[in-house]
**Q** 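Right, I'll just put the structure down here and ask away after.
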There are 2 protein chains.
Amino acid sequence: MGRRSDHTREQLREMIIAAGHREMAEAGYARFSARQVAKTIGYAIGTIYNVLGSYDQLVLAINGRTLDLWCDYLGSRLAGVNDDRLRAAIDAYFEFAILNRNAWGALYDFRLPPDEALPEYYAAKVTAITDLVVQEVASALPPAHIGEAPALARSLLASVHGHCVFTLNGTFQLLGEGDPLGAALARVRDAMARFG
Amino acid sequence: MGRRSDHTREQLREMIIAAGHREMAEAGYARFSARQVAKTIGYAIGTIYNVLGSYDQLVLAINGRTLDLWCDYLGSRLAGVNDDRLRAAIDAYFEFAILNRNAWGALYDFRLPPDEALPEYYAAKVTAITDLVVQEVASALPPAHIGEAPALARSLLASVHGHCVFTLNGTFQLLGEGDPLGAALARVRDAMARFG
DNA sequence: TTAAAATATTAGACAGTGTTCAGTTAACCG
DNA sequence: CGGTTAACTGAACACTGTCTAATATTTTAA
């Protein structure tokens with residue numbers, strides 16, 4: 001029916017993303033369905049496509065929400081920490097991933113078709129998280145080597161990410177690794193040891 | 001119809017996995033379809049379910065094939081290498097992933113439902129690859145620390161894996177990382193530097 | 001030789017999915 | 001009042017994985 005008790009496109013977009021994020025968190029990427037999102041907010045599927053444009057854009061918007069939450073989580077987890085902030089950052093990385101398995105996993109389960117580029121708004125959110133890490137690495141680096149912070153941060157991010165993936169997908173359990181977080185921290189320490 | 005020019009279950013299983021692996025390599029996990037596999041080998045879908053049991057078992061079998069190929073690739077790439085075998089191993093890890101983007105990606109895109117355990121045959125294949133790496137790490141370690149090889153190998157595997165993931169999913173490109181392989185190697189060197 | 005059992009294979013129904021779009025409803029504006 | 005515009009629907013389409021009753025052939029046993 002027309003617009004008896006309608007929302008504006010902006011409000012509806014927000015409702016869809018919020019409900020979508022909830023469903024992604026509960027069902028996980030493999031069982032996520034746009035139709036189910038429509039059902040839970042009481043709209044027809046067509047509406048979701050009118051507002052978001054496509055399934056891929058919907059998932060991207062939901063993942064964008066997850067990135068926002070992740071960035072906030074890292075920020076709040078680091079606020080007020082004075083010593084060993086690098087360790088706190090790694091802890092927070094793992095914590096968020098474990099606390100939000102499904103939503104976090106969707107960040108990597110979903111990929112745009114190879115010919116399509118990430119929307120700028122999404123790239124900015126990824127960069128925001130990265131910049132946070134770059135800053136922490138820079139603070140932990142001797143002043144003479146601060147210029148290497150961005151490259152080192154990217155690499156450490158990848159290392160920690162790998163440990164996080166192997167933790168959540170069961171690889172570490174299969175291999176008998178009992179302390180994934182400790183291992184990740186050890187690798188970061190090894191890398192920092194290169195600089196005094 | 002019946003079994004006029006039929007194959008034995010064993011032969012058919014092999015045909016399905018081979019064709020499935022081919023389709024996975026071409027289409028990727030997101031676009032992979034059991035029905036398409038059936039079509040390319042000229043059988044009905046039902047047959048695939050009779051032979052493999054379920055979609056998940058089919059993908060697992062295909063991924064198992066990929067693990068076999070991966071293990072062989074690592075082995076042959078290391079054969080005859082005398083110095084810096086660790087570097088050769090990392091190179092081979094990246095090479096295989098890049099040369100087999102889709103099949104390699106499916107290894108991690110697919111996950112069994114959380115309540116189901118990996119079949120033993122599959123776990124064995126994962127362990128086979130890991131053992132290869134453990135051996136290389138052990139060789140590169142001072143004799144006094146050989147006992148730490150398994151744990152270190154798992155951790156280095158995770159680190160390299162993280163770099164590999166960020167390379168293939170575009171994260172490194174987004175962040176301006178131009179030498180992912182070099183970064184991965186640097187992290188491994190840092191870790192080995194801990195031991196003399 | 002013949003009947004029974006085992007095997008290989010199919011067809012088709014079922015309940016889902018993403019996607020599209022012509023059409024409907026209701027509010028707003030001149 | 002009539003026209004424009006924005007919000008929204010729902011049916012149709014072409015797929016998907018899953019299951020099962022039925023069928024065709026071969027093997028085995030009596």
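Chain letters run A, B, ... following the sequence lines, proteins first and then strands; every chain starts at 1.
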**Q** Whole angstrom is fine here: how far is it from CZ in Arg13(A) over to C1' in dA6(D)?
**A**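 That distance rounds to 17 Å.
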**Q** Backbone N or O of His21(A) within a donor-acceptor pair of the Arg65(A) side chain at under 3.5 Å?
**A**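 Pair absent, no side-chain N/O of Arg65(A) close to backbone of His21(A).
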**Q** So, do Phe32(B) and Asn102(B) sit near enough that their side-chain heavy atoms are less than 4.5 Å apart?
**A**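 Of all side-chain heavy-atom pairs linking Asn102(B) with Phe32(B), none is under 4.5 Å.
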**Q** When all nucleic acid strands are considered with a 4.0 Å heavy-atom cut-off, which category describes Thr47(B): base, sugar-phosphate, or nothing?
**A**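 The residue Thr47(B) makes base contact.
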**Q** What does Leu12(A) touch in the nucleic acid at a heavy-atom separation under 4.0 angstrom: a base, only the sugar-phosphate, or nothing?
**A**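 Sugar-phosphate: the residue Leu12(A), judged by heavy atoms under 4.0 Å, touches backbone atoms but no base.
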**Q** Are Arg9(B) and dA8(C) close enough that a side-chain N or O sits under 4.0 Å from OP1 or OP2?
**A**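 For Arg9(B), the contact criterion (side-chain N or O under 4.0 Å from OP1 or OP2 of dA8(C)) is met.
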**Q** So which of residues 48-57 of chain B are in contact with DNA chain D, with a heavy-atom cut-off of under 4.0 Å?
**A**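 Of all residues in residues 48-57 of chain B, the ones placing a heavy atom under 4.0 Å from DNA chain D are Tyr49(B), Ser54(B), Tyr55(B).
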**Q** Is there a donor on the side chain of Arg35(A) or the base of dG16(C) sitting less than 3.5 Å from an acceptor on the other?
**A**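 Per atom types, no contact qualifies.
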**Q** Listed by chain and number, what are the salt bridge (Lys or Arg N to Asp or Glu O under 4.0 Å) partners of Arg85(A), not counting sequence neighbours?
**A**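 Applying salt bridge (Lys or Arg N to Asp or Glu O under 4.0 Å) to Arg85(A) gives Glu136(A).
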**Q** Determine all donor-acceptor pairs shorter than 3.5 Å in which one atom belongs to a side chain in residues 104-117 of chain B; sequence neighbours excluded.
**A**
from	atom 1	to	atom 2	distance (Å)
Asp109(B)	OD1	Arg111(A)	NH2	2.3
Asp109(B)	OD2	Arg111(A)	NH2	3.1
Arg111(B)	NH2	Asp109(A)	OD1	2.3
Arg111(B)	NH2	Asp109(A)	OD2	3.1

**Q** Quick one: Met15(A) CE to dA7(D) C1', roughly how many Å, whole number?
**A**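 So the CE-C1' distance, Met15(A) to dA7(D), works out to 13 Å.
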**Q** May I ask you to decide whether Asp84(B) forms a salt bridge with Arg189(B), counting only side-chain N to carboxylate O separations under 4.0 Å?
**A**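 Salt bridge flag = yes for Arg189(B) with Asp84(B).
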**Q** If you check the Ser33(B) side chain, which of dA8(C), dG17(D), dT17(C) turns out closest?
**A**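 Looking only at heavy atoms from C-beta outward on Ser33(B), the closest nucleotide is dG17(D).
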**Q** Quick one: Arg31(A) CZ to dT18(D) P, roughly how many Å, whole number?
**A**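 Arg31(A) atom CZ is separated from dT18(D) atom P by 11 Å.
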**Q** For Ile45(A) and dC13(D), what is the distance between atoms CD1 and C1' respectively, to the nearest whole Å?
**A**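 So the CD1-C1' distance, Ile45(A) to dC13(D), works out to 12 Å.
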**Q** If I take atom CD in residue Gln11(A) and atom C1' in nucleotide dC8(D), what distance separates them, rounded to the nearest angstrom?
**A**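 It works out to 15 Å between those atoms.
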**Q** Measure CD1/Ile16(A) against C1'/dA7(D) and give the value in whole Å, please.
**A**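 Spelled out: CD1 on Ile16(A) to C1' on dA7(D) is 12 Å.
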**Q** In whole angstrom, give the distance that lies between atom CD of Gln36(A) and atom P of dT17(C).
**A**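 The distance from CD of Gln36(A) to P of dT17(C) comes to 7 Å, rounded to the nearest Å.
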**Q** Between His163(B) and Ile90(B), is any pair of side-chain heavy atoms under 4.5 Å apart?
**A**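 No; the side chains remain at least 4.5 Å from each other.
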**Q** Is there a side-chain contact between Glu177(A) and Phe166(A), using heavy atoms and a 4.5 Å cut-off?
**A**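 No, every pair of side-chain atoms sits at 4.5 Å or beyond.
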**Q** Can you measure Leu58(A) atom CG to dT19(C) atom C1' for me and round it to whole angstrom units?
**A**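 Checked: the CG to C1' distance equals 13 Å.
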